[in-house]
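Just so you know, these numbers come straight off a predicted model, no measurement behind them.
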Amino acid sequence: MSPWKTLSRTPVLVRGRYLTVEDHRIQLPDGRVIDDWPWLAMPDYVNVIAETAAGRFILFRQTKYAVGASETLAPIGGYCEPEELPEATARRELLEESGYEAAEWISLGSYVADGNRGGGRAHLFLARGARQTSSPRSDDLEAQRLVTMTRAELRHALSRGEFRVLPWAACVALALLALEANTTR
């Protein structure tokens with residue numbers, strides 16, 4: 001299969017570094033051209049499932065504007081700075097948001113948020129052997145509190161739908177799969 005070709009990009013709305021809406025002119029593999037394919041240009045971001053040396057997982061219980069009135073569980077996460085590599089972002093966010101640093105970093109993959117419209121790329125990580133080295137210095141706008149869970153509690157929270165943002169639920173599920181694969185070797 002051949003990929004689609006981007007022939008041009010026209011910004012329609014620019015809202016700082018976090019959101020640009022564009023119209024793309026694209027060519028399909030059969031030669032047809034679509035003149036106004038909507039595209040969301042957003043920065044890449046990371047989500048981190050961090051496990052302490054004692055086997056507890058560091059998470060947030062928080063509110064999030066898009067989730068509405070419901071409280072949600074959330075992993076550590078944040079946007080990549082320009083030119084910053086995803087693992088460096090993950091390490092920085094873990095330290096800033098929780099005060100933890102981790103000895104082992106496992107990439108769980110990089111995923112496009114919306115296969116048709118963009119919306120940024122999620123880089124997901126499992127951090128193991130985390131230990132607290134400082135106090136959190138988060139500048140997040142949401143109300144949040146740090147919590148820890150056992151692996152069984154994490155699995156149960158995932159199955160109950162307590163991670164109300166899809167990339168967060170995917171990150172937890174991929175981390176649990178990675179841990180399961182690691183323990184069955």
Side-chain angles (χ1 to χ4, degrees), residues 1-29 34 36-51 57-60 62-67 72-98 100-102 104-128 130 138-142 144 154 158 161-179 181:
M1 287 187 267
S2 299
W4 296 8
K5 294 179 185 171
T6 304
L7 302 175
S8 67
R9 300 168 186 247
T10 304
V12 176
L13 172 70
V14 178
R15 297 294 297 216
R17 71 176 279 246
Y18 295 107
L19 175 66
T20 299
V21 179
E22 300 173 339
D23 274 339
H24 285 196
R25 186 168 184 263
I26 57 173
Q27 183 177 27
L28 303 178
I34 299 174
D36 57 354
W37 189 266
W39 187 259
L40 299 174
M42 299 168 66
D44 287 5
Y45 61 94
V46 300
N47 288 133
V48 180
I49 302 300
E51 181 186 30
F57 293 86
I58 305 160
L59 304 161
F60 286 114
Q62 67 180 36
T63 60
K64 213 52 164 165
Y65 181 66
V67 173
T72 182
L73 282 173
I76 304 297
Y79 288 112
C80 297
E81 295 294 332
E83 307 302 320
E84 186 178 39
L85 296 176
E87 187 177 317
T89 301
R91 288 175 181 272
R92 175 180 54 76
E93 289 290 341
L94 179 62
L95 183 60
E96 286 176 4
E97 292 189 351
S98 70
Y100 281 76
E101 295 182 85
E104 181 183 359
W105 287 84
I106 300 163
S107 173
L108 301 172
S110 296
Y111 304 90
V112 174
D114 181 330
N116 285 321
R117 306 287 178 241
R121 182 175 293 272
H123 302 278
L124 310 180
F125 292 91
L126 170 61
R128 301 196 71 195
S138 178
D139 62 354
D140 285 354
L141 301 174
E142 297 85 15
Q144 60 188 19
L154 183 65
L158 177 64
E162 290 188 46
F163 292 89
R164 301 192 196 293
V165 176
L166 184 58
W168 299 350
C171 190
V172 172
L174 289 167
L176 289 169
L177 284 172
L179 289 166

Taking [X] for its side chain and [Y] for its backbone only, find out whether a donor-acceptor pair lies under 3.5 Å.
| X | Y | value |
| --- | --- | --- |
| W37 | I34 | no |
| Q62 | A74 | no |
| T6 | S8 | no |

Minimum heavy-atom separation for [X] and [Y], please, with both atom names.
| X | Y | answer |
| --- | --- | --- |
| A178 | L108 | CB-CD2, 3.9 Å |
| R164 | V67 | CD-CG1, 3.7 Å |
| P3 | P29 | O-CG, 4.1 Å |
| F163 | L73 | CD2-O, 3.3 Å |
| G77 | E97 | O-OE2, 2.7 Å |
| D23 | P38 | OD1-CA, 4.1 Å |

Side chain proximity check, [X] to [Y], heavy atoms < 4.5 angstrom:
| X | Y | result |
| --- | --- | --- |
| M42 | R121 | no |
| L174 | C171 | no |
| T89 | E81 | no |

With rounding to the nearest 0.5 angstrom, report the [atom1] to [atom2] distance, [X] to [Y].
| X | Y | atom1 | atom2 | value |
| --- | --- | --- | --- | --- |
| E22 | D36 | CD | CG | 13.5 Å |
| W39 | I26 | CH2 | CD1 | 9.5 Å |
| L59 | I49 | CG | CD1 | 6.0 Å |
| L126 | L176 | CG | CG | 9.0 Å |
| F57 | E51 | CZ | CD | 4.0 Å |
| L95 | I76 | CG | CD1 | 10.5 Å |

| said: Between L124 and V46, does the side chain to side chain contact (heavy atoms under 4.5 Å, CB included) criterion hold? Intermediate values first, please. | reply: CA-CA 6 Å; L124 310 180; V46 300; over 6 Å; no
| message | Checking T72 against T63 for the side chain to side chain contact (heavy atoms under 4.5 Å, CB included) test, could you report, in this order, the C-alpha distance in whole Å, the side-chain angles of both residues, the deciding distance, and whether it holds? | response | CA-CA 6 Å; T72 182; T63 60; over 6 Å; no
| task | Just do the side chain to side chain contact (heavy atoms under 4.5 Å, CB included) check on H123 and D44 with the steps written out, would you? | result | CA-CA 7 Å; H123 302 278; D44 287 5; 3.0 Å; yes
| message | Please determine whether side chain to side chain contact (heavy atoms under 4.5 Å, CB included) holds for the pair F125 and S107, giving the CA-CA distance in whole Å, both sets of side-chain angles, and the decisive distance to 0.1 Å. | response | CA-CA 5 Å; F125 292 91; S107 173; 4.1 Å; yes
